[in-house]
Amino acid sequence: MSQLFGPETFRYDLPELPELDDLFSPNGVILDAQKRAAELFGSSETWFLVGGTTCGVQSSIMATCAPGETLILARNSHLSAISGLILSGAVPKYIIPEYNSQWDIPGGITALQVEKAIEELKEDGKTAAAVLITSPTYHGICSNVREIAQLCHSHCIPVIVDEAHGAHFRFHPEFPSTALEQGADLAVQSTHKVLNSLTQSSMLHMSGNLVDRDTVSRCLQTLQSSSPNYLLLASLDAARAQLSENPLGIFNKAMDFSLEAKGKISRIPGISILNLLSFTSGFPAIDPLRLTLGVSQLQISGYTADDIIEQKLNIYSELAGSQSITFAINLGTQSESIQRLVSGMNHLSATFYQKRNQLCRNADKVCAPFDDITMKLSPREAFFSKKRKASIRESFGQVCGEMVCSYPPGIPVLIPGEVITEKALLYLLDVKKMGAAISGAADQQLNSIVVCNV
Ligand SMILES: Cc1ncc(COP(=O)(O)O)c(C=O)c1O
C-alpha cells in the first residue's frame with residue numbers, strides 16, 4: 001500500500017488527537033467543517049458519517065421511531081432501511097411503489113399513497129412515527145417530497161429522505177430540488193457516490209425542529225466506530241471545499257456530457273432511455289445524470305449486455321437489471337467515456353438488434369416481486385426468532401428469516417417476517433438465471449432459504 005499510495009497516506013491516517021477534534025462531541029475542526037457543509041447544503045445541522053448512508057438511514061429511523069412504533073416507507077427501500085427497522089424495533093407500513101414491469105424498475109411514491117397509509121393507520125388507532133422516502137431512486141426517479149412533507153407536517157410526522165443518489169442536486173439550476181429545499185426533516189446523502197469524497201463517507205443533514213438533534217447524535221454514535229477514519233472525514237470536507245469554489249457551474253460539463261450521450265444513444269436502434277413518461281404517477285423529476293438504457297428489444301438481458309460491454313470495451317455501468325443497464329455521469333466523466341459508451345451501445349445494437357429483428361422478449365419479462373405482502377412478524381421479531389433452512393420448494397408460504405436482494409440495487413425482495421410468496425421466489429430465481437448477483441441469503445445459490453420457526 002505504501003508503494004501504491006505513497007507513505008504520506010499513512011501520515012494522515014491519524015487517531016483522535018486533541019487538535020483533530022472528536023466526531024461524536026465536535027467543538028474544533030470537525031465542528032467547523034460540518035458547519036461549512038451545513039451552510040453549503042442548506043441544512044440547520046450536518047453530521048459527517050463514516051458508515052455510509054447506511055448508518056445515516058439506520059440512525060434516522062432509530063432517532064424517530066421507538067420499538068413498536070410505525071414507520072411508513074416504500075417497499076422498494078434500500079436494505080439499510082430494513083436494518084433500521086430491525087435496530088429500532090419499528091414496525092413497517094409499506095407503500096407499494098408504481099412498478100414498470102417492461103423495465104423491471106420501481107418508481108417513487110406519491111403524496112396520495114402516503115395519505116392513504118396515514119388514514120389506514122388512523123383507522124387502526126395508530127399514528128406514524130416517521131415517513132421514509134427514497135428520492136431519487138437508484139434509477140434517478142424523484143418523488144414529490146414537497147407535497148409529501150407538507151402532508152406529513154400537517155400531522156406532525158417527520159420526513160426522512162434517503163437521498164443517497166441525490167447529493168449533487170443543489171449544484172446545478174437544472175437538477176431536481178433537494179429534499180431539504182422541499183421540506184424534509186432529515187436527508188442522508190452518499191457524498192461518496194455522486195460527489196467526490198472517499199467511499200463510505202456520507203452526510204446526514206437536518207432541517208427544522210421536528211426531530212431531536214441530540215437523539216440523532218446519540219444514534220450516530222451508537223452505530224459508528226469509535227475510531228472514525230480521518231481520511232474519510234477529510235475527504236468530506238474536501239468535497240465540500242471543491243463544490244464551494246463553483247457551486248452552480250461545477251456540473252456544467254457533466255450536464256453537457258449527459259445531453260450528448262442521450263442525444264446519440266436515442267438514435268441507436270433497439271436501445272431505449274428511461275424517462276418520466278415510463279411511469280404514470282406523475283413523478284416530478286428524474287436525475288439528468290442517471291442514464292438508464294433499456295435493452296429488451298435486443299433480446300438480451302441487462303446483465304448480459306453489461307457483461308459484454310465490460311469485457312469487450314471496458315465500460316463499467318453503475319448497475320444492471322433484467323431489462324436495462326444504468327450509467328452514472330458525474331464530475332469524473334470524460335468526453336472519451338461518453339464516446340466509449342456510445343460505441344458500446346452501437347456495438348450491442350449492431351450485434352443483437354439487426355440480426356434478430358424486432359421480436360419482443362416477452363418470455364423474460366418479470367413481474368413486480370412485492371405487490372402481495374403479508375407480514376407475520378416485524379423485521380426485528382423475525383431477525384431474533386429461531387430459524388432453520390428450508391428448501392426453496394418447502395419455503396413457499398413460510399415466514400422469511402433473512403433479507404434477500406439482487407445486488408445492486410440492494411432492494412430486498414424478501415424481508416424477514418414476511419410470508420414467502422411464489423412471486424418473490426420466481427422473481428429471484430428469474431433474475432439469478434439472467435445473471436443477477438444474490439445478496440443476503442445464507443445460500444447464495446438459492447437452493448434453500450432461511451425461514452423462521454413459527
Ligand atoms: C437508495 C440507497 N440508499 C442507501 C444506500 C446505502 O448507501 P451507502 O453505500 O452510502 O451506505 C444505497 C447504496 O447503494 C442506496 O442505493
Side-chain angles (χ1 to χ4, degrees), residues 37 41 46-62 71 73-87 92 94-95 97 105-109 130-143 145 159-169 176 178-179 184 186-205 219-220 223-225 228-229 232-233 235-236 239 283 286-287 289-290 292 316-321 324-328 330 370 403 405-413 415 436-437 439-440:
F41 286 88
T46 289
W47 288 265
F48 284 1
L49 314 176
V50 292
T53 291
T54 297
C55 89
V57 168
Q58 292 168 339
S59 301
S60 300
I61 296 175
M62 283 178 75
L71 175 72
L73 75 168
R75 179 57 180 75
N76 60 325
S77 300
H78 183 257
L79 58 96
S80 55
I82 311 307
S83 50
L85 291 169
I86 293 169
L87 289 163
Y94 291 118
I95 291 175
I105 286 176
I109 57 171
V131 170
L132 170 72
I133 308 165
T134 304
S135 183
T137 61
Y138 211 148
H139 297 95
I141 310 294
C142 298
S143 295
V145 176
V159 175
I160 306 162
V161 179
D162 174 348
E163 207 176 21
H165 297 277
H168 55 307
F169 282 1
T178 69
L186 294 171
V188 198
Q189 302 179 332
S190 291
T191 323
H192 69 95
K193 287 191 201 294
V194 278
L195 299 173
N196 279 349
S197 67
L198 290 176
T199 296
Q200 214 172 300
S201 62
S202 284
M203 293 189 199
L204 168 56
H205 306 293
C219 294
L220 286 170
L223 294 180
Q224 297 190 94
S225 166
N229 184 300
L232 300 186
L233 294 175
S235 80
L236 284 168
F283 298 121
I286 184 165
D287 178 1
L289 300 188
R290 257 321 120 101
T292 297
Y316 287 83
S317 70
E318 176 68 31
L319 95 143
S324 66
I325 334 176
T326 300
F327 297 90
N330 67 37
F370 37 60
M403 188 148 52
C405 323
S406 62
Y407 197 92
I411 296 171
V413 173
I415 290 179
S439 165

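Numbers for residues simply follow the sequence, beginning at 1. Read the numbers this way: they start at 1 and go in the same order the structure lists the ligands and their atoms.
Side-chain contact between Met203 and Phe48 is present, with heavy atoms from C-beta onward closer than 4.5 Å. Counting only heavy atoms from C-beta outward, the side chains of Asn76 and Thr134 never approach each other to under 4.5 Å.
Evaluated by nearest non-hydrogen atom to atom 5 (C) of ligand 1, the leading choice among His78, Glu318, Gln189, Gln58 is His78.
Of the protein's heavy atoms, Asp162 OD2, 3.4 Å lies nearest to atom 2 (C) of ligand 1. Taking atom 13 (C) of ligand 1 as the reference point, the nearest protein heavy-atom neighbour is Lys193 NZ, 3.0 Å. Considering only non-hydrogen protein atoms, atom 11 (O) of ligand 1 sits nearest to Thr54 OG1, 2.6 Å.
Contact atoms of ligand 1 toward Gly52: 10 (O), 11 (O) (distance under 4.0 Å to a heavy atom of the residue). Contact atoms of ligand 1 toward His192: 8 (P), 9 (O), 10 (O) (distance under 4.0 Å to a heavy atom of the residue). Short contacts between ligand 1 and Ser190, defined as distances under 4.0 Å to a heavy atom of the residue, involve ligand atoms 7 (O), 8 (P), 10 (O). Atoms of ligand 1 found under 4.0 Å from any heavy atom of Ala164 (numbered from 1 in listed order, with element): 2 (C), 3 (N), 4 (C).
Residue-ligand proximity: Ser202 is placed with a non-hydrogen atom under 4.0 Å from ligand 1. For the pair Gln200 and ligand 1, no heavy-atom separation below 4.0 Å is found.
To the nearest 0.5 angstrom, Ser59 atom OG is 7.5 Å from Leu49 atom CG.
No donor-acceptor pair closer than 3.5 Å links the side chain of Thr178 to the backbone N or O of Phe169. Without hydrogens or angle criteria, Ser77 side chain to Ala74 main chain gives a donor-acceptor distance under 3.5 Å. Of the possible polar contacts, none joining the Ser197 side chain to the Ala239 backbone as a donor-acceptor pair under 3.5 Å is found. Without hydrogens or angle criteria, Thr191 side chain to Leu195 main chain gives no donor-acceptor distance under 3.5 Å.
Residue Glu163 forms a side-chain contact (heavy atoms from CB on, under 4.5 Å) with just one option from Pro136, Cys142, Ser135, Ser202, and that option is Pro136. Partner of Arg290 under the side chain to side chain donor-acceptor pair (under 3.5 Å) criterion, out of His165, His139, Glu318: His165 alone.
Residue Thr53 has at least one N or O atom closer than 3.5 Å to an N or O atom of ligand 1. Checked by distance only, ligand 1 and Thr134 stay at 3.5 Å or farther apart across all their nitrogen or oxygen atoms. Inclusion of Tyr138 in the set of residues having an N or O under 3.5 Å from an N or O of ligand 1 is not warranted. Polar contact with ligand 1: present for His165 (N/O pair, distance under 3.5 Å).
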